[in-house]
Amino acid sequence: MRGDDVKFTANLGDREHFPDLEALVYCNHAAISPPSWPVRRAMQNAIADWGRRGAQAFGTYGAQRARLREKLARLVGASAEEIAFVPNTSSGVTAIALSLPWKRGDRVILFEGEFPANVTPWQRAGELFGVTPVFLPLSDFQESDERGLGRLAEELAKGARLVAVSAVQFRSGLRMPLAEMARLCHAHGAELFVDGIQATGAVPVDVRALGIDYWASGGHKWLMGPEGTGMLYVRKERIEALNPHVAGWLSHEDAVRFLLEGPGHMRYDRPFKKRADVFEVGCINAIGLVGLEAAVDLVAELGVEKIWAHVVRWGDAVEAGLVERGFTSLRAPEANRRSGILAVLPPKDIDVVVLHRALLARGISTAIPDGVLRLSPHWPNNVDEAEQVLLSTEDALAELRGAPRPRSDDW
């Protein structure tokens, strides 16, 4: 395949675009997705183009970013003016945490067990602006949405400026009831910030229909782009009130005019943009965003609804076999509360760290966040991989228990 205009296609359960991926079964997309060949090729072509043209390539990649902004907006149900590029989820969280019009004594509701990226910036806002973080247990939602929402409603009734939560919990894979949470927030005069990194690209989402005010997501997990890329959604009705403490020279309107139109245009008093891209504060990861576009194109071609159904089927096949082998599943029983993550606890006599290493030695790539064994397939994973995962797990368990390992002809 030659030329820059090659059209790549993707098929569910097909690893064609990952020809040198070493793992027999790569089910670790909730950590880092390996870049596909289309992503790698797009980035290589872009590097070569910058190498040939230098600064003359700037316009080409400005147009590319405008195109990608539209694609990301469509993917999450937003408009292009509501999307900013950020290098990672943490940057998106920090931008909002430090730019909300806080008043001393405001409260922000957080959750015990959340990934730290969606906790630390709010704690920092507390230190800087006199905001009080209030923690609720995620275990209420793990038990049932009704119980979790009831507890949240009680806390919101005491007053809060904002609720910060992940769309999908990184440890358990629990999919949160975002529409209901948004309704509760707005009924009590609060806003909803969502860390969407474990959902964007693998779980259907429409941020405006759900009533979400802010959504941040890195590009290197379920979007399957490179690290150092990501997006921030700011609901357009919210942008006016923000105080962009996180700002730079490109946060201003007509920021580059003085570089293009001759003398007399360099000013320091240009107004800040009233769009999400006010948080694009300086030079951006142009090459990475080319790779992200190639990855987004594959996700959009397949369709997030189909991807979600596919990874749920994969999880169904593996979950049943692991439970039979003594594992405890943390997966929600209801389909609408499931994501691309299958999280399990190993049998009580098995150390999860040692098991993780044993599985990796057998070609099964997983993760062990906070003591759980996490399997996270994506569209390239075939449901038939369940047999390999279970056989490798059985073999690893036998080794760790010191029992005779099954012979290959018994498989």
Side-chain angles (χ1 to χ4, degrees), residues 9-18 21 23-36 38-39 75-76 115 166-178 194-206 217-225 295-323 327 329-344 359 363-369 372-390 392-393:
T9 59
N11 295 294
L12 294 173
D14 188 346
R15 269 177 55 154
E16 176 191 6
H17 295 317
F18 302 84
L21 183 58
L24 288 174
V25 179
Y26 191 90
C27 46
N28 205 7
H29 294 276
I32 297 177
S33 279
S36 65
V39 170
L75 195 69
V76 299
F115 196 83
S166 290
V168 170
Q169 292 303 319
F170 81 103
R171 184 177 185 270
S172 66
L174 179 67
R175 185 175 171 186
M176 302 296 282
L178 298 178
V194 179
D195 175 343
I197 197 168
Q198 295 293 1
T200 315
V203 172
V205 62
D206 185 324
S217 176
H220 64 283
K221 296 184 187 291
W222 302 95
L223 284 175
M224 300 186 75
V296 167
D297 284 345
L298 295 177
V299 168
E301 178 192 353
L302 290 166
V304 177
E305 288 275 1
K306 291 181 179 177
I307 291 172
W308 177 70
H310 175 73
V311 296
V312 167
R313 282 195 300 273
W314 192 100
D316 291 342
V318 174
E319 180 185 31
L322 290 179
V323 170
F327 289 77
S329 177
L330 301 182
R331 199 171 181 228
E334 306 89 351
N336 68 314
R337 302 174 74 215
R338 292 178 175 177
S339 64
I341 291 172
L342 169 62
V344 296
L359 287 173
I364 312 299
S365 181
T366 63
I368 49 170
V372 306
L373 182 68
R374 186 181 69 188
L375 301 93
S376 48
H378 208 336
W379 62 259
N381 292 88
N382 197 294
V383 176
D384 290 344
E385 292 173 346
E387 182 180 5
Q388 182 66 59
V389 172
L390 297 175
S392 295
T393 301

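Note that these values count all heavy atoms, side chains included, but never hydrogens, waters or copies made by symmetry.
In this structure, the side chains of P369 and V372 come closer than 4.5 Å at one or more pairs of heavy atoms. A heavy-atom distance below 4.5 Å is not found between the side chains of S339 and R331. Between V205 and L75, the closest side-chain pair of non-hydrogen atoms is not below 4.5 Å. Counting only heavy atoms from C-beta outward, the side chains of V194 and M176 never approach each other to under 4.5 Å. Taking the side chain as every heavy atom from C-beta outward, I364 and Q388 approach each other to under 4.5 Å. Counting heavy atoms from C-beta on, the side chains of L174 and V168 never come closer than 4.5 Å. The closest side-chain heavy-atom distance from R374 to I368 is not below 4.5 Å. Contact check for V389 versus V318: side-chain heavy atoms found under the 4.5 Å cut-off.
Contact between A343 and R171 at its shortest, heavy atoms only, is CB-O, 3.1 Å. Nearest heavy atoms, L390 versus A317: CD1-O, 4.3 Å. A pairwise comparison of heavy atoms in A167 and G196 identifies CB-CA, 4.3 Å as the closest pair. Residue S365 comes nearest to Y26 through the heavy atom pair OG-CE1, 3.5 Å, listed as atom of the first residue, atom of the second, then distance. Of all heavy-atom pairs between S329 and V344, the closest is CA-CG1, 3.9 Å. The two atoms that bring P377 and H29 nearest to each other are C-CD2, 3.8 Å, heavy atoms only.
Stacking of R338 on the aromatic ring of W308 is not recorded, the 6.0 Å distance cut-off and the 45° axial limit not both being met.
Annotation: the span from H310 atom NE2 to I307 atom CD1 amounts to 9.0 Å, rounded to 0.5 Å. For the atom pair CG of D297 and CG of L302, the computed distance is 11.0 Å after rounding to the nearest 0.5 Å. The OG1 atom of T200 sits 5.5 Å away from atom CG of L223, with the distance rounded to the nearest 0.5 Å. With rounding to the nearest 0.5 Å, the separation of CD in E16 from OG in S36 is 10.5 Å. With rounding to the nearest 0.5 angstrom, the CZ atom of F170 is 10.5 Å from the CG atom of D195. One finds the CD1 atom of I341 at 9.0 Å from the CD atom of Q169 (value rounded to the nearest 0.5 Å).
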Stepwise side-chain contact (heavy atoms from CB on, under 4.5 Å) test for M224 and L298: CA-CA 9 Å; M224 300 186 75; L298 295 177; over 6 Å; no
Stepwise side-chain contact (heavy atoms from CB on, under 4.5 Å) test for W314 and L375: CA-CA 10 Å; W314 192 100; L375 301 93; 4.1 Å; yes
Worked verdict on W379 versus K306 for side-chain contact (heavy atoms from CB on, under 4.5 Å): CA-CA 9 Å; W379 62 259; K306 291 181 179 177; over 6 Å; no
side-chain contact (heavy atoms from CB on, under 4.5 Å) between H17 and V39, intermediate numbers included: CA-CA 9 Å; H17 295 317; V39 170; over 6 Å; no
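Aromatic rings of H378 and W222 (six-membered ring for Trp) have centroids within the 6.0 Å cut-off, being under it.
Here the side chain of K221 pairs a donor or acceptor atom with the backbone of A30 at under 3.5 angstrom.
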